[in-house]
Amino acid sequence: MNRIMKNILCTLFSAVTFTAFAQADYTVEELLCGYLENDLELQKLALSVEKSELNLQSTKIDQGFDVSLSTGTMKFYSNGDSSVVSVKPSIKAALPSVKNLTATVSSDYELDNAKNINRIQDTKISLSLDLLSQTEAVQKINLLKSERELLETQRQLQNTALKAEKEFYTELSNILKKINSIYTRMQDVYTDKLAFDKLKAQGYTKTSTTYRIAEMKVMTAEHDVETTVRELKHDFLIFYQHCGVSINVAEDKEIIQFVPSQIPETLILNFSSFPKDKYTEIEKAKWNNSINTLVRKADKFFSLGLNAGYTFSNSVTKSDTVDAGVSAVFGGIGVNAGVSLPVGLEDFAPSFSLSATVSPNLFRKRSITEKTYDLTEQQELIDIKSAEKNYDTALVDFEESLVNLDWEKLSVKESFELYQRTESDLQKYFKNGIVTESEYLTARNNRLLYQVKIDLNKIDYLLYNNSVRSQFYDLTDEDIKSASY
């Protein structure tokens, strides 16, 4: 199993344990870890996290120091005694994160035997940077987005692990509910059997229609119990299979041995005790607004760049030159200007260059872009308010759910204690011949039914905690400790 999955399994659920399953002495924590290890979606997401880590590394490389070498266009020609060679190599070093700072060295080499030419010219060393542009801001935004992508993937892995944990406890809860349905059907058996015994005591014979109907009713109730037990065995097989464990549920094995003998209570997480700014929906809405604000600010209407350098054997001025240039863009107007100042010549004749572009539609579209940005920002602010509203709704929902769970816990406990006392009394009465066996077994069955309901209530608390944790992101041990009671 890869590193990320191990961290999830070892830290996320270590606080929740059940008593061992009798059949193979597996703790529920071990079964839960097995359940998570066999979850294919978790395995896939763990790989996605590693891919996001690699993508972040790639983004950091793009923003670091970069060097590129180029041969330029190379030309070769040979015909008898005549040979022509032309090469334009260059080397470029860039640091995009620092105002797109770039250093370049380039040269032209030409060899022509027929014309007796063998020269190196236009060897240029230059340095350029952007005084005002969106390049540096875009680099920062790309890095933030890559970091966010990794963070989102890690959170998705955590949430999927919580989802898998919830599915595990839901399966276990369904098994306990199936056991309760067996107890309920057993109640029908005891009731029908008690009615059947009364008929026999009243003298009804096997040939009597009333006798046969009562007997069939008992047989049908017993068949329903047997059918549910078979379904339960199937559920156990599937549950253990999901946990990566193989079990034997042969006919001679007691099905009850596969059930946890005890489910411990857990500390309750109070939704309102967690930091509101860690509510996932609010954090996401604020992040979207924050990153999009940076994108809007980076989209500059005006940009300005400078460059300077030195050229050896400038082919235009026939001398070495000191070079300088400026480039500017204002909306749909772009201007590039440069000057080359000759060095070492008595006749000072600088060389100038100038180019310009005009795109009127860019001015018209810019006003539309600005209005779109404004509307988008308003939508983002609404999303933040909506997230805060949803937090308030969730707060009420979880508090109400907790009240219901607490009420259910008290109600089930009181019923269990009542049936426990009733069972104890009827056991004595049965031994003394005061009540029938069916009446005693009915009381015992009710006690077992509510004993399972106590365990179901404990699982409901675990599922409640799971749901609370899934509403928040990056919760620390201190956050969970301060929210527990």
Side-chain angles (χ1 to χ4, degrees), residues 4-17 29 32-33 35-36 39 41-42 44-46 48-49 52-53 144-170 173 265-292 380-406 458-485:
I4 298 170
M5 282 290 290
K6 283 185 178 293
N7 289 340
I8 288 291
L9 302 182
C10 293
T11 62
L12 190 57
F13 306 110
S14 60
V16 184
T17 60
E29 181 181 3
L32 176 57
C33 285
Y35 194 96
L36 295 173
D39 190 290
E41 187 175 358
L42 271 177
K44 185 177 179 180
L45 278 172
S48 295
V49 170
S52 296
E53 289 175 342
L144 289 174
K145 286 183 175 180
S146 292
E147 291 173 343
R148 181 69 181 192
E149 179 188 351
L150 174 59
L151 182 62
E152 289 282 2
T153 310
Q154 290 171 334
R155 289 177 181 175
Q156 188 178 2
L157 179 62
Q158 294 278 342
N159 289 335
T160 303
L162 283 172
K163 177 185 174 183
E165 180 199 33
K166 183 176 182 179
E167 291 172 353
F168 171 85
Y169 288 128
T170 300
S173 176
E265 296 187 37
T266 182
L267 292 175
I268 309 303
L269 298 179
N270 188 353
F271 184 94
S272 62
S273 296
F274 287 111
K276 184 177 180 179
D277 58 357
K278 285 193 172 185
Y279 186 66
T280 301
E281 190 175 348
I282 292 177
E283 190 273 342
K284 280 186 177 181
K286 288 184 176 180
W287 155 259
N288 287 335
N289 176 249
S290 174
I291 193 67
N292 288 336
E380 292 165 1
L381 295 176
I382 292 174
D383 288 339
I384 294 174
K385 292 180 180 179
S386 177
E388 291 174 341
K389 183 178 179 180
N390 291 340
Y391 169 86
D392 294 335
T393 301
L395 177 61
V396 174
D397 290 341
F398 276 101
E399 287 181 346
E400 185 176 347
S401 296
L402 190 55
V403 169
N404 292 335
L405 283 175
D406 290 340
K458 292 176 182 178
I459 292 179
D460 286 340
Y461 275 113
L462 292 169
L463 292 173
Y464 167 85
N465 282 353
N466 178 287
S467 297
V468 170
R469 290 164 64 188
S470 67
Q471 301 298 310
F472 298 89
Y473 74 96
D474 297 346
L475 293 175
T476 63
D477 291 340
E478 186 60 33
D479 289 331
I480 294 176
K481 183 178 179 181
S482 62
S484 303
Y485 71 91

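Bear in mind the structure is a predicted one, so any value in this text is a computation, not a measurement.
In this structure Leu144 satisfies the side chain to side chain contact (heavy atoms under 4.5 Å, CB included) test together with Lys140, Glu147, Trp287, Ile291, Leu294, sequence neighbours excluded. Residues meeting the side chain to side chain contact (heavy atoms under 4.5 Å, CB included) test with Glu167, sequence neighbours left out: Tyr35, Asp39, Lys163. Tyr473 pairs by the ring-ring contact (aromatic ring centres under 6.0 Å, His included) definition with nothing, not counting sequence neighbours. Annotation: side chain to side chain donor-acceptor pair (under 3.5 Å) contacts of Tyr461 (sequence neighbours excluded): Asp406. In this structure, the side chain to side chain donor-acceptor pair (under 3.5 Å) partners of Ser146, at least two apart in sequence or on a different chain, are Thr59. Qualifying side chain to side chain donor-acceptor pair (under 3.5 Å) partners for Asn292, counting only residues two or more places apart in sequence or in other chains: Glu380. Legend: residues meeting side chain to side chain contact (heavy atoms under 4.5 Å, CB included) with Asp474, ordered by chain and number and at least two apart, are Leu151, Arg155. For the side chain to side chain donor-acceptor pair (under 3.5 Å) test, residues two or more places apart in sequence or in another chain that qualify with Ser52 are Thr153. In this structure Phe398 satisfies the ring-ring contact (aromatic ring centres under 6.0 Å, His included) test together with Phe271, Tyr464, sequence neighbours excluded. For Ser272, the side chain to side chain contact (heavy atoms under 4.5 Å, CB included) partners two or more places apart in sequence, or in a different chain, are Asn270, Leu395, Glu399.
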Inset, instruction - Any chance you could lay out the side-chain contact (heavy atoms from CB on, under 4.5 Å) test for Ile282 and Asp277, step after step, and finish with the verdict? - result: CA-CA 7 Å; Ile282 292 177; Asp277 58 357; 5.9 Å; no
Inset, instruction - Take Gln471 and Thr280 through the side-chain contact (heavy atoms from CB on, under 4.5 Å) test and state the conclusion after the steps. - result: CA-CA 6 Å; Gln471 301 298 310; Thr280 301; 5.8 Å; no
Inset, instruction - Check the pair Leu475, Phe274 against side-chain contact (heavy atoms from CB on, under 4.5 Å), reporting the backbone distance first and the verdict last. - result: CA-CA 9 Å; Leu475 293 175; Phe274 287 111; 3.7 Å; yes
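Within the structure, the side chain to side chain donor-acceptor pair (under 3.5 Å) test picks out the following pairs touching residues 476-485 (sequence neighbours left out): Lys278-Asp479, Thr476-Asp479.
Nearest heavy atoms, Ala161 versus Leu42: N-CD2, 3.6 Å. For Thr266 against Leu462, the heavy-atom pair with the smallest separation is CG2-CD2, 3.5 Å. Minimum heavy-atom separation, Asn159 to Ser470: OD1-O, 4.3 Å.
With values rounded to the nearest 0.5 angstrom, Glu149 atom CD is found 9.5 Å from Ser48 atom OG. Between Asp397 atom CG and Leu402 atom CG the span is 12.5 Å, to the nearest 0.5 Å. In this structure, Thr160 OG1 and Glu165 CD are separated by 12.5 Å, a value rounded to the nearest 0.5 Å. Note that the CG atom of Asp460 and the CG atom of Asn465 stand 11.5 Å from one another [nearest 0.5 Å]. In this structure, CD1 on Ile382 lies 11.5 Å from CG on Asn289, to the nearest 0.5 angstrom. Atoms CZ and CD1, on Phe472 and Ile480 in that order, are 11.5 Å from each other to the nearest 0.5 Å.
Counting only distance, with no hydrogens or angles, the side chain of Ser290 and the backbone of Lys286 share no donor-acceptor pair below 3.5 Å. Remark: the backbone N or O of Tyr169 is not paired with any side-chain donor or acceptor of Ser173 at under 3.5 angstrom.
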Do any side-chain atoms of residues 383-390 form donor-acceptor pairs under 3.5 angstrom with protein atoms, and if so which ones, sequence neighbours left out?
from: Asn390; atom 1: ND2; to: Glu281; atom 2: OE1; distance (Å): 3.3
from: Asn390; atom 1: ND2; to: Glu281; atom 2: OE2; distance (Å): 2.6
from: Asn390; atom 1: ND2; to: Ser386; atom 2: O; distance (Å): 3.4

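The 12-atom threshold is not exceeded at NZ of Lys44, counting heavy atoms of other residues, nucleotides or ligands nearer than 6.0 Å.
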